[in-house]
Amino acid sequence: VHDKAEFDISGMTCAACANRVEKKLNKMQGISEASVNFALETASVEYNPHNVSPREMIDAIDKIGYTLQEKT
Ligand code: 9UX
């Protein structure tokens with residue numbers, strides 16, 4: 001059973017930033033698929049809520065220099 005989280009991202013300057021964010025999310029335990037849209041500054045993440053939370057995603061991405069905000 002997977003949940004889906006949608007985020008706005010700030011701090012991305014070039015397309016390689018988007019790849020960094022996407023790679024980081026895809027390496028996290030519990031995330032089955034993360035995709036970042038550089039132009040729209042958004043991320044869409046499918047995850048298992050037993051293993052990871054949006055809060056942990058926000059914190060992990062903050063550590064590499066970008067800011068996620070979960071869409072409501
Ligand atoms: Mo582009 Mo982003 O040169 O950290 S990778 S600005």
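Remember, it's 1-based here, ligands and their atoms both numbered in the order they're listed.
Neither the backbone nor the side chain of F38 comes within 4.0 Å of ligand 1, counting heavy atoms alone. Residue contacts with ligand 1, taken as heavy atom pairs separated by less than 4.0 Å, involve R20 solely via side-chain atoms from C-beta onward.
E22 contributes a side-chain N or O that, together with a main-chain N or O of V36, makes up a donor-acceptor pair within less than 3.5 Å. With hydrogens and angles disregarded, no donor-acceptor distance shorter than 3.5 Å links the side chain of D8 to the backbone of Q69.
In the vicinity of A16, heavy-atom distances shorter than 4.0 Å reach the ligand 1 atoms 5 (S). Those atoms of ligand 1 that come under 4.0 Å of a heavy atom in T13, given as number and element, are 6 (S). Using a 4.0 Å cut-off to heavy atoms of Y66, the atoms of ligand 1 that qualify are 2 (Mo), 4 (O).
By the 4.5 Å heavy-atom criterion applied to side chains, M28 and L25 are counted as neighbours. Side-chain contact check for Y66 versus K24: every heavy-atom pair is 4.5 Å or farther apart.
Regarding atom 2 (Mo) of ligand 1, its nearest protein heavy-atom neighbour is C17 SG, 1.8 Å. For atom 3 (O) of ligand 1, the nearest protein heavy atom (residue, atom name, distance) is C14 SG, 3.3 Å.
A salt bridge links D59 to R55: at least one charged side-chain nitrogen sits closer than 4.0 Å to a carboxylate oxygen.
Heavy atoms of other residues, nucleotides or ligands lying less than 6.0 angstrom from NZ of K23 number 12 at most.
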